[in-house]
Every structure is written in structure tokens, then in C-alpha cells.
Amino acid sequence: MAIEFLLVTFPEERAVLADGTRVGFTNHTLMLPTGEYEITLEGDGCRPKSRDVPLTGTSVIKPLVVAFALLSAAASGAAARKKKAGDA
Amino acid sequence: MLRRAALLALLVALAGCASTRFENAPLGAGQANVERRAVDVSHPDRPLVLVAISGGGSRAAALGWVILRDLEKFEYVSDHKIRRLTDDIGVVSSVSGGSVIAAYFALYGAEGLKRFEPAFLAPDNMRTLGLDAINPITWLRLAFTGSSRVDVVERMFDRQLFGGQTFAALNRPGRPYLILNATDMASGDVFAFTPGRFDDICSDLEREPISVGVAASSAVPIVVSPVALRDYSAEACRGRATPQWIRTRLRGRYAPYLDLEGVKLARYANDLRHGPDSEREIDYLYLLDGGLADNLAVHGLLEAIGSPYAAPIVAGPDAGAARSGTILEAINTGRVRKVAVIVINARAESANGIHQSASRPGIVQMIGSVTSIPIDSNTAGVSSQMEVLLAQLNAAGGGGAGRPLFAGLKVYPVKIDFDQLRASDPEQRRLRERVKRIPTLWTISHDNLLALEQAGSLLLQQHPCFQRLLLDLGVRGADFVDADFARSGCRQASD
């Protein structure tokens, strides 16, 4: 089992999930075994919703960097309204 | 006399007629096995201690007992309170003989260790097993109730150690996470008696007697029969969702190239769950000694430390919060700052004398080699993986880019092995030769037990990483600690 290093960047501190399991926080390098993961962030309002990441060939001084962005306030409001309409 | 012998022979003949008795119960509709254990990591100065205990009959049970008993003696102060190292044991993984003491410790804690010797190490268990095996009631059970030879061993464990208690007694806050490892006879995969694995087969672990788990972990092939379990997934858990980690591994484009072992684990779990696109429909499981797949039981520790899909056994950061997380998450978020991994290897060497004989070895000797060489090879492979993982964790503790919260992590790999007794010291050499000749049975003589006590304590105290752990915790009264030896032999990247 080899260890790799992943840095997920996001404007806010959020929990990072690998295949639905919490593994650490954004903006701090994390350790994960070599492999392929679906990376998501806890909570709403991020873009993209998830990233498929093949994690290999990293080191503690050169982690793999994966970026998420904030959905704009207008876009996140529209998304929330759309979801509410869908639920109703 | 003749009539009695004929009756016995008839019963033996009928023994094959009774159907197999399966030793597990299904989960109720919509139920899952709940994890109630929660390792407290609220004090970063405390180490998280993980223990693996190998196979080797009563020799392994005794060595594990000596090491645990010694760990209990070392105290340090944390948050103005005295703590013992046994208080910090969060995970215990075991196979075969090691599973006897592992389960006993998980159930009764450090306070129970003083009862283990009179309960299990002192009695002549082989005699007990022999008497039970020739008891006519045993023959009747074999003939008519689907019972098998392994039940004799299960009954011994229950009578002497576990008193009929089930895994429900283990699954409580404050108890360490116990991983009893057996081997799936059909595939050679490790099958652990854990809530997650029992979810895979849709079976209620809390109703499972502890003695069944220990017996499965120590079911020596041919000598005893395998423990039989039913996989209830198809009938009692139909249509449940497949965990994401399984889906990613089975469908991921890169997974087979980056993590083939992970793909195989996912495939096995999916097959057990009768998941979509399963390759085998597993309805029955026949479990043998866990040492066939991994005689050091480090496979369980590897998953517990390094896998994001390990059992969530670390208590959440907020007092009273229901959520708990994995050890990996706790390391990544800086809540675990010291990890001590103690691997207890009770492997012996039987004196077969092949290398000094001009006569070609016979069938019995070949069988011995054919079974022991692959076991040793499998074990060596998994052991190397553990060494690599711990070395990488240690190196990561030195810090790096991206403000890692795991910077400052300290790792203490403590591998206990009879070959560490110093060949340069005549007394230790004699002790090594003595303990390596202790046979693999369920009985250990008083003199052999004394030799193991001496060897176990020496091995622990002489280990530089154990000395380093004591040094870093400020343990008092450990006069054998040599600070230079400890710092040089157990260098930390975070130093």
C-alpha cells in the first residue's frame, strides 16, 4: 500500500470526501493510498460537484492539486431554486 | 465391547449424513451492523496504539499475553491523569493462536490479563480437546446435528474464556476494534469478523459467539473442519445500494492499474454482497485459519490505518457528536500525532533436520514444506507492505507543501520477532533456540511459558522504537531506555 499526497483547493475550509468518506480538509495536503477516487466536498455551492482523480506519482513536496471553485452567488441561488422546484 | 465399537463405527458412518450447521444469523429487514466503538483522540499527546498478533497456537497466545501485560506496566501522565499504554490500544488484529488473546483482551481489557494464564495457558487444553473428541455425545452431535470437528474447539474457547458471549459484548465504546482474521477456503481471501464484512454477507455480527470467530481464525486445515457461514445477501438484503468505494474500484478507468489489490478487494466484497455484475454468487463460506492468507495479521492493520474505507472508529472532534471517522482522517486532520504499531510474530521453526539428512524427504515432510513455505511467503509480502506504509507515514511527518496538518506525526513501528534476540549474547541465543522450538499446540508447558515471558519482555524492552515511544511520552521507571539508541534506531522525520 503506497501513500500519495493530494491537495484540494477551495476558497473556504470544507471537508474533503474520497468516494463519499471524509478524509480531511481543503487547503491542507492529505494522504491517501495510491488509487482512483471520486473527490467531492461536503456541503453545496462548489463547482464542479465532483472530480475523478487518479492519484499516483506524488510526493509530500509535490502533491497532486485539485481545484474546486465557489459557485457564484447568483448561480448558487438559481441552483437552489431549481432544486426546490424539483423537490416540490 | 464389540457392540459399542460397532455403534461407534455406525455413528462415524452417519456423521456425513447430517446437513451442515451454519453458524451465523441474518440481519433483520433494513438493518445494518452498527459500529459503537470510538477511539478517543482528543489528546494529541497520547499515542494511538495498534497491535497485530500472529498465529502459533498457545505459543502465540502466550507471547501476545506477555506483550500486552508488559504494555500495561508503563504509565505516563496526560491531562494530569495517569494513563497506561494499554489504555491507548485502539485496534487489535489477529490470526489463529493470536486471536485467542486478542479477543480476550478486547472483551476483558487489561484488568482481565491476570485471569488469562489460569484460564487458558495453564490447563492442558490438548487433553481437554482429546477427551471431548472421544466423548460419545460428541459423536452423536457429529452424526445428527450437522456439528463438525471445529465445534470441539469452539466449546473449549467458550467454556474457558468467553462464556457464550457474543460480539455484542465487544462492540461498545471504550473497547478496542478487534479484527479476527480467517481465510475464505474458496478463494484464499482474508475474511475478518468485523461489522463491515458481516454487512457484506447480510449477517448479524452481534449475535455471533466470540468463540466462533476465534475458532474460524484458528481452524487448522485437515485437523479441524472449517467454520461454515451462510451468505444471506441474496435473500435478506436484496436491492441494497453498493458502497461507492466498490463502484469506483470496479468501474474506474485507472483503478486496475493503480490499485489492483483494491480492485480485487472490491470484487470480493461485491461478490459477497451479490452486487451488480458480481462474478461469483457466494452463498456459503467455509473459513479456515487466517494464517493461510496472512500469518502476521497485518492486513487488518494496513486497512485500519491507511484505507479511507476502514471502519469509522475514531470519535468525532465534537463532544457528544454522533459522527466518527477513520484513522486516516484523524491523521490527515492532525488529531492523531503519534502512531505506535506493535506486530507480534510468534513464528517458530520446527526441527525437521532435512538439511542434515542424506535421505530424500518423504511425503509428510513435503506436505510440511508445501504448506509452510507459501504461508511464509504471503506473510512476508504483507509485512513488507506494512513496513513501506509506516516508513512513508514517518517521512510525511517531516512536513511538505500545502500546509499538511499531519506534519509532526511520529510513527513507532515495533516488530517483535524471536530472531531479534541477540545472537552475540549466548544467553539470548539459547533463549531464542528454546522459544523457537516450542510446538504449535493448544497446550504450553510451564517451563516454555516462563521462557516466553523472558523472551517477550526482552524483545519489547530492547526495541529502539519502543524505547523511543517511552522517551517521547516521558514514561518514568523505564531504566532500560537508552536515549541515544532510541533516537538513532527510531529516527523521526519530524525531529
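Letters A, B, ... are given to chains in the order of the sequence lines, protein chains preceding strands, and every chain is numbered from 1. All values derive from a computational prediction rather than experimental measurement.
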Worksheet item: How long is the gap from CG on B:L409 to CE on A:M31, to the nearest 0.5 Å?
Response: 6.0 Å
Worksheet entry | When B:L260, B:T333, B:L393 are compared by non-hydrogen pairs under 4.5 Å with chain A, the top option | B:T333
Fill in: Region of A:L7 that comes under 4.5 Å of a non-hydrogen atom in chain B
side chain
Practice prompt. Quick one: closest heavy-atom pair of A:P63 and B:A401, and the distance?
Written response: CD-CB, 3.9 Å
Worksheet item: With a 4.5 Å heavy-atom cut-off, do B:D259 and A:Y37 have their side chains touching?
Response: no
Item to complete: With a 4.5 angstrom heavy-atom cut-off, could you sort out which part of B:R249 is near chain A: side chain, backbone, both or neither?
Response: side chain
Practice prompt. Measure across A:A2 and B:Q392 and return the closest heavy-atom pair with its distance rounded to 0.1 Å.
Written response: CA-OE1, 3.3 Å
Worksheet entry | Backbone of A:L30 reached by a side-chain donor or acceptor of B:N332 within 3.5 Å | no
Discussion item. Suppose a student defines contact as a heavy atom less than 4.5 Å from any heavy atom of chain B. Which residues in residues 46-59 of chain A would they list?
Written reply: A:P54, A:L55, A:T56
Worksheet item: CG of B:D495: more than 12 outside heavy atoms within 6.0 angstrom?
Response: yes
Fill in: Greatest number of heavy atom pairs closer than 4.5 Å to chain A - which of B:L328, B:V388, B:L405, B:L389
B:L405
Worksheet entry | Heavy atoms from other residues, nucleotides or ligands near CG of A:L70 exceed 12 (cutoff 6.0 Å) | yes
Item to complete: Search all heavy atoms of A:E36 against all heavy atoms of B:A255 and return the closest pair with its distance.
Response: OE1-N, 2.8 Å
Worksheet item: Does anything in residues 11-21 of chain A get under 4.5 Å of chain B by heavy atoms, and if so which residues?
Response: A:A18, A:D19, A:G20, A:T21
